[in-house]
Amino acid sequence: MTIINHMMKKFASNVTNLQEGLHPEQLGFWYDKIIREAKDMAPPWLVDKIKVKQDPILPMKFNLDISKRAVRYFMMAVDNNLHLMPSSTKLYFLKVQETLSDEMDKSLV
């Protein structure tokens with residue numbers, strides 16, 4: 001019985017951690033950190049071309065306003081932080097990177 005209780009507690013903890021990783025506040029924290037680092041890496045003339053804005057009505061929606069020339073700095077900042085993120089946040093930002101890559105590929109065609 002104690003093994004089952006322990007497993008259930010661990011499962012509940014894992015689910016809670018996954019949920020917390022996708023809270024708008026958590027995502028906002030990571031976007032702020034990544035944008036700050038991307039701006040630190042980018043040349044001065046690109047700094048104002050890297051922005052993100054959280055939607056006030058849909059708090060899980062973030063509008064990334066970034067120049068094509070600045071995308072690589074954003075991607076590097078994401079890569080530098082993935083190991084620090086909770087699992088669900090990491091998956092979210094991997095999807096953001098995939099989407100950005102797809103958009104960049106479309107613009108090359």
Side-chain angles (χ1 to χ4, degrees):
M1 216 42 168
T2 57
I3 292 175
I4 292 174
N5 285 341
H6 175 70
M7 289 174 55
M8 291 303 289
K9 284 182 183 178
K10 185 171 172 87
F11 177 74
S13 173
N14 287 341
V15 169
T16 300
N17 289 339
L18 289 173
Q19 289 173 332
E20 289 174 357
L22 293 175
H23 280 184
E25 300 83 20
Q26 181 82 337
L27 295 175
F29 166 82
W30 287 104
Y31 266 115
D32 288 345
K33 184 169 177 35
I34 288 165
I35 293 295
R36 216 172 27 254
E37 288 184 21
K39 286 180 175 186
D40 287 346
M41 286 187 268
W45 52 274
L46 276 179
V47 169
D48 65 338
K49 307 285 186 200
I50 305 170
K51 302 175 195 153
V52 69
K53 185 174 181 184
Q54 187 173 13
D55 191 294
I57 297 168
L58 301 169
M60 280 198 66
K61 181 179 178 185
F62 291 83
N63 296 311
L64 186 59
D65 182 11
I66 189 166
S67 163
K68 290 177 187 174
R69 293 168 292 175
V71 167
R72 72 182 184 136
Y73 301 106
F74 179 85
M75 299 287 231
M76 288 188 307
V78 170
D79 285 339
N80 291 344
N81 286 283
L82 284 174
H83 71 284
L84 300 170
M85 296 176 185
S87 299
S88 52
T89 309
K90 184 184 304 186
L91 292 173
Y92 175 92
F93 278 98
L94 286 170
K95 186 63 177 176
V96 170
Q97 282 186 316
E98 180 184 323
T99 303
L100 270 175
S101 292
D102 290 348
E103 288 301 312
M104 293 298 290
D105 290 346
K106 284 181 193 174
S107 70
L108 295 174
V109 176

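A search for ring pair (Phe, Tyr, Trp, His ring centres under 6.0 Å) contacts involving Tyr31 returns Phe62, Phe93, not counting sequence neighbours.
Taking all atoms of both residues into account, the shortest heavy-atom contact from Lys51 to Leu64 is O-CD1, 3.4 Å. Of all heavy-atom pairs between Ala77 and Ala38, the closest is CB-N, 3.8 Å. Between Ile50 and Ala70, the shortest heavy-atom distance links the atoms CG1-CB, 3.5 Å. Scanning both residues, Pro24 and Pro59, for their nearest heavy atoms gives CB-O, 3.4 Å. Minimum interatomic distance between Met75 and Ser101 (heavy atoms only, all atoms of both residues): CE-OG, 3.2 Å.
Summarising the local packing, NZ of Lys90 is surrounded by more than 12 heavy atoms from other residues, nucleotides or ligands at distances under 6.0 Å.
If you take CG on Asp48 and OG on Ser67, they are separated by 9.5 Å, rounding to the nearest 0.5 Å. To the nearest 0.5 Å, the span separating CG on Leu100 from NZ on Lys68 amounts to 12.0 Å. To the nearest 0.5 Å, the span separating CD1 on Ile35 from NZ on Lys53 amounts to 14.0 Å. The line from CZ of Arg36 to CG of Asp40 is 8.0 Å long, rounded to the nearest 0.5 Å. We find the NZ-CD distance between Lys106 and Glu103 to be 4.0 Å, quoted to the nearest 0.5 Å. The distance from atom CD of Glu25 to atom CE of Met60, rounded to the nearest 0.5 Å, is 10.0 Å.
Taking Ile, Leu, Val, Met, Phe, Trp and Tyr as hydrophobic and joining them when side-chain heavy atoms fall under 4.5 Å apart, one finds Tyr73 in a cluster with Met41, Trp45, Leu46, Met76.
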ask   = Going through the checks in order, is the side chain to side chain contact (heavy atoms under 4.5 Å, CB included) test met by Leu27 and Gln54?
value = CA-CA 10 Å; Leu27 295 175; Gln54 187 173 13; over 6 Å; no
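With no hydrogens or angles considered, a side-chain donor-acceptor pair links Asn81 and Glu37 at under 3.5 Å.
One hydrophobic cluster, built from ILVMFWY side chains closer than 4.5 Å, holds both Val96 and Val52.
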